[in-house]
Structures are given as C-alpha cells and as structure tokens.
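Have a look at the structure below before the remarks.
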Amino acid sequence: MKNQEIAHIFTGIADILEIRGENPFRIRAYRRAAQNIEGLAEDVTGIHEAELKKIPGIGQDLADKIQEYIKTGHLVFYEKLKKEVPSGLVEMLHVPGLGPKTVKMLFEKIKIIAIDDLERLAKKGGLKGLPGIQKKTEDNILKGIAMIKRRTERSPIGHVLPVAEDILRKLKEGAPVKELSLAGSLRRWKDTVKDIDVLASSKDPEYVMHVFIRLPQVKEVLMKGPTKTSIITHEGIQVDLRVVEEGSFGAALAYFTGSKAHNIRLREMAVKRGLKINEYGVFNIKTGRKIGGRKESDIYKALKLDFVPPELREDTGEIEAAVYKRLPDLVELDEIRGDLHVHSKDSDGSLRIEEIIDEARKRGYQYIAVTDHSKSLGIARGMSKEQLLDQNKKILSFNKRLRGLRLLSGVEMDIKSDGTMDYPDEVLKKLDIVVASIHSGFRQSRAQLTKRLVSAMKNPHVTIIAHPTGRLIGEREAYEVNMEDILTTAKSTGTAIEINAYPLRLDLGDMYIKRAKELGIKLAISTDTHVAYQFDFMRYGVGIARRGWLGEKDVLNTYTYKELMKHCRVKQFKIRTTV
DNA sequence: GCCGTTTTCGGCCCGACTGTTTTCAGTCG
C-alpha cells in the first residue's frame, strides 16, 4: 500500500515549501491531500486518474504527482526540493517552538542545518542577538530539543484516557467549574492520542488555572494564561486546559474537539452563510450579533446540519452526510450484549469460568464466549483437542444451571503458517463459536498471509477472524495483507471480522471498519480479555467502531443469543451449499 | 494547489500565548 508513502512525501513537500516561505494556501493544500490519502482504506495504486481527482483536496496537479510516483517510484518535484533545502532543516521544524520562519533565519544567518549543531550553539549561548532571539527563546529552543529527544510519540488511547479521567475528577472536586469535558482526539476516540485536551466553563477562570497547575499529576507547566494553560504530567503527557464562559461552552467544545479539518470545513460553510464561527460562538458577520454557542448543537443548527457525533469529525464525508441527513445512528456501549473473545485459565488467561460468568453478569451481558488458544500456540498454553473437548463439556454443564446468561463454548484457533486449521472440522462443529487468527509467520508474503485468512474464512465453522492485521500499536507493524480480498471474502462467506478492543490492537482500524461497513460485513467487538479488568476495554472497541461509522445492526455482538446462533448456522449452510 | 449557491479567478478559518518588541511576528492547535 503506497498511501503512507505518498502522504509522507506530500507532508515533506509542505514542510520544505513552508521553510521557503511560499504561499500558505499551497502548503495547506499539500497537507490536506496528505491527510486524505493517509485516511483512505483503498490502495491509491489501484485508483484510476479520474477517480483520484474525486478524493477531496486532490486536483489535476496532485493526481499527476501521485501517478508519477506510482509509475516511477519517485517524484521529480520532491527530489528537486530536497536538494534545495537540507533535510536537517525539515527535522528542525519538528522541534516545538521552532517554526519555518526561525528555521529559515537560522539557515540564512548562521548556516545551521542540523538539530545537533543548533543544540551545541544554543548551549554556548550563541543564538542570542539573532533577530527575535534573546535568552528566553534560546532556552525554549533547548527545551524543545530535549523534548523531541525524549520522543513524545502518540500514545494508545487506553493508556491516556484513564489519566485524563483522573484529571477530570480532580478538577471537578477542587476547581470552580460549571461544565467540564474532554475534547480533542480523545473525545473523538482516536486509537492514539498526542495530548489531553480539557475544556471547562467557569466564572473564575484564574482560580481554575490556579488549581490545575497544582494538581499532583503536574510535572511541569509549559504555559499559563487566564483561558489557556498547558502542563506535562509525570507520565510525560501534555494536558491543555481551556476555560471559557458558560455561554461559549458549546462553541468551544466543538472547536477544541476538532478535527482541524472538520472545523475548517464548518467555518468555510459559515462564511458562505454570512456567519463567523470561533470558540466563543456563532456570529452574524454583518451585525456582529451572537446567534449561538452555549450548546455544541448550536453550531450545527446554524449551518443547517444534523449533529455530527465527535467520532465522525474527520472531514471524511460526515459533513456531506450531515447536509443530506444521512448520518448513521452509531452503536452504543450499552447495546453490546456479549463478549466473543475471552481467555480463561485453561490457556493463558487468569480467570476461572466462574469468574468469567460473574464479570459477564456485572456487565449485563446475555452471553459470553470462552475462547482459549488452540494447540499450536504452545507459548500461550494452547489446548489439545482433548482439553478443548473437556472444556466444552464443562461449559455445557454450567449452562444447565445458568439463568439469563449463556456461556458460549469457543476457541481462538490458530491459522497455521501453511494455512491449515489447528483442529479438524469434527471438533470445530461441536463449538458454538470459532474465532480464528494468525499468531505466527508474520513475515510471510502479502499473498501468503492473505491466503491463510481467506482459507480460514472458507471454513464453515469459523465465525470470526480476530485481530486481522496483527498490529500492536507502537510495538509491531501490521502484517501485510490484501484487505480488500479479505473483506470481500468475509462478505461472500458470511464471516464476521473482529474489532479487537485491546488498546494496543484496536484491530481492525477505523478506516477499514468503514470500508467493511460499506461492503455489508458484520463486525464483532471483542476484548480479548486475559485478566478481569480487561473486560472494560469494550469501550475502546466501541469507540473505534463508532469512528468506522458502525450502527447497532453492523455489530454481531449486539445480537440476541438466538440471532447470534442463527447467524452461525446461516454461514455453515451457505458454505455447504456453495462448495 | 484546490475549488465553485456571488467565482474558472480570486479567494482560501480563527484566536491565544510567548517573547521581543513599543505594536507585533511567530508558533501552535
């Protein structure tokens, strides 16, 4: 998939043009195009020129550049630019506090072309006296370089959200806030987030800030003003707090929730209607009169749009859908009726069946599947055929006594490197549910890996393909598969695809989920729980599902027990009659 | 460089904070 590469090149072009001080709108065009290509589920390689231009932000010129890169493997325009601007300057742009103007100045005045040189000089105090640079700026540049060396990368949402919720609780207790909410990518449930955005309304913003910078979580205060303050937590996560008046809370919430691309679209629409939108409200440009802003919905009403849930605000079609009243009714956490991927003590989990039952009851589930590892996965104490059949009997006997909850007898079956299944059909057919997944041979070719998943889906007993790309966010790249082939096979065989809610996985990712929905595939949101608290990962899975535009009907585990079992039988029938 | 409910040319989102300045440029989100 060349999407990432092309997005990377366009971003690189934008950086270089920025250093050269070129037309900001041209720069924005490259950035917007990069973002839209990156968010594409389809491989650009397979898209024809006429279709390329239908991607928002791609016109004739960028379509040509994309084609050139696909055909030749490089882009002459970019190669030329790179020769003119040293790569070290582009790196310097990533230092917080350093922007294109300063980088350009440093290059022109004292020929700095690398971060290391800049750091050495700043430490000696050699930057003072340059245009616009005195002691403070020099210190800030050093701080910025230190920060980039600590590498504050994006963190999985599952690591950041609990920190954010803790800060929210403390602010609610100790600060005079009226309304309080998370904003930014955290509120949009992105799989990874860079920082925590918090919005509050208050009559005494100064005091709110006073409380905020004294929270026990605070390691360092980056900046402090009456409406905007930023800190770094001990975990190294940046938290931005904005405080506004009550009458502006809705407008501010919309503004700070983003995404940036979504906001820009809203504001452009506003201008065309003679309105202005900022974080304080919606205003009539001519009269200056405020026509809304207390509630977030005011913004959408003013533009005659349906309310867009935060998870959809990425400018990937949600605005058009809001215009034509075609936004989906998104799946909710309380519509989930069960968890279809859970490990017990019988393989590498820590839970006894009794404990799994308790946890399911606590969450009001109708059913819960026990899906331990299969024999090939020795490292996870995978079960032999005999052990699996024993467990199956145990579950049947539990079910005789259970009321209002069904234990599903299942397995997480390894799809072996040669593409064969870990158990024969006569074993699988005794189970309620079979979750199949890849745990080995990640480095096989794209074709081989795709073939393994496809052959698993063609098995009549395989209900769900688990964590279909194998990615571990920040730790392991997804293995290479032809996702389009996998999704079309899922459709034709009636196999569901898992959205693994484990924070490091969140696999499928949102852009593929959206594509899966277009194809009419069912998705199962599962936690892959090994330890009790992990049942609560469900909310991350639901968040990502919502980002993929899923409604209740798209999600297999919103089905009742009866509907779920019927779904499995339909697949078995379908395969037997077509093979 | 993109794009079209005023437009195929001339627009293109908006404001807070910081530091270096005497009114503002640069950076960030």
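Quick note: numbers below take in every heavy atom, side chains included, and nothing from hydrogens, waters or symmetry partners. All values reported here derive from a predicted model rather than from experimental measurement. Throughout, a chain's letter reflects where its sequence line sits, starting with A, and its residues are numbered from 1.
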Under a 4.0 Å N-O cut-off, is there an ion pair linking A/Glu320 with A/Arg326? no

Kindly point out which of B/dC13, B/dG1, B/dG19 is positioned nearest to the side chain of A/Arg28? B/dC13

Reading nucleotides 22-29 of chain B from 5' to 3' and marking B where a protein heavy atom lies under 4.0 Å of the base, S where only the sugar-phosphate is that close, and - otherwise, the string is ----SSSB

Assign A/Lys128 to base, sugar-phosphate, or nothing according to its heavy-atom contacts below 4.0 angstrom with the strands shown. nothing

Between B/dT20, B/dC12, B/dA16, which nucleotide has the shortest distance from any of its atoms to the side chain of A/Phe25? B/dC12

Under 3.5 Å, side-chain donor or acceptor atoms of residues 49-75 of chain A against the rest of the protein: list the pairs with distances, not counting sequence neighbours.
residue : atom : partner : partner atom : Å
A/Glu49 : OE2  : A/Gln60 : NE2          : 3.1
A/Glu51 : OE2  : A/Lys54 : NZ           : 3.2
A/Lys53 : NZ   : A/Gln60 : OE1          : 2.6
A/Gln60 : NE2  : A/Asp64 : OD1          : 3.0
A/Asp61 : OD1  : A/Lys65 : NZ           : 3.3
A/Asp61 : OD2  : A/Lys65 : NZ           : 2.7
A/Lys65 : NZ   : A/Tyr30 : OH           : 3.4
A/Glu68 : OE2  : A/Val76 : N            : 2.9
A/Tyr69 : OH   : A/Glu5  : OE1          : 2.6
A/Thr72 : OG1  : A/Glu68 : O            : 2.8
A/Thr72 : OG1  : A/His74 : N            : 3.2
A/Thr72 : OG1  : A/His74 : O            : 2.7

Would you tabulate the side-chain donor-acceptor contacts of residues 205-214 of chain A under 3.5 Å, counting partners in other chains and residues two or more places apart, or write 'none'?
residue  : atom : partner  : partner atom : Å
A/His210 : ND1  : A/Arg214 : NH1          : 3.0
A/Arg214 : NH1  : A/His210 : O            : 3.0

Sequence-distant partners of A/Lys170, salt bridge (Lys or Arg N to Asp or Glu O under 4.0 Å), two or more places apart: A/Asp166

Is there any salt bridge (charged side-chain N to carboxylate O under 4.0 Å, His left out) pair reaching into residues 83-102 of chain A, and which pairs are they, with sequence neighbours excluded? A/Arg20-A/Glu84

Out of A/Lys123, A/Lys128, A/Lys124, which one pairs with A/Glu138 under the salt bridge (Lys or Arg N to Asp or Glu O under 4.0 Å) rule? A/Lys128

Answer yes or no: is there an ion pair linking A/Lys136 with A/Asp139, defined by an N-O contact shorter than 4.0 Å? no

Which nucleotide wins on minimum distance to the side chain of A/Arg242, given the candidates B/dT18, B/dA16, B/dC14? B/dA16

5'-most by nearest nucleotide on DNA chain B - A/Pro226 or A/Gly57: A/Gly57

Taking only heavy atoms on the protein side, list every residue of residues 113-124 of chain A lying under 4.0 Å from any atom of DNA chain B, sorted numerically. none

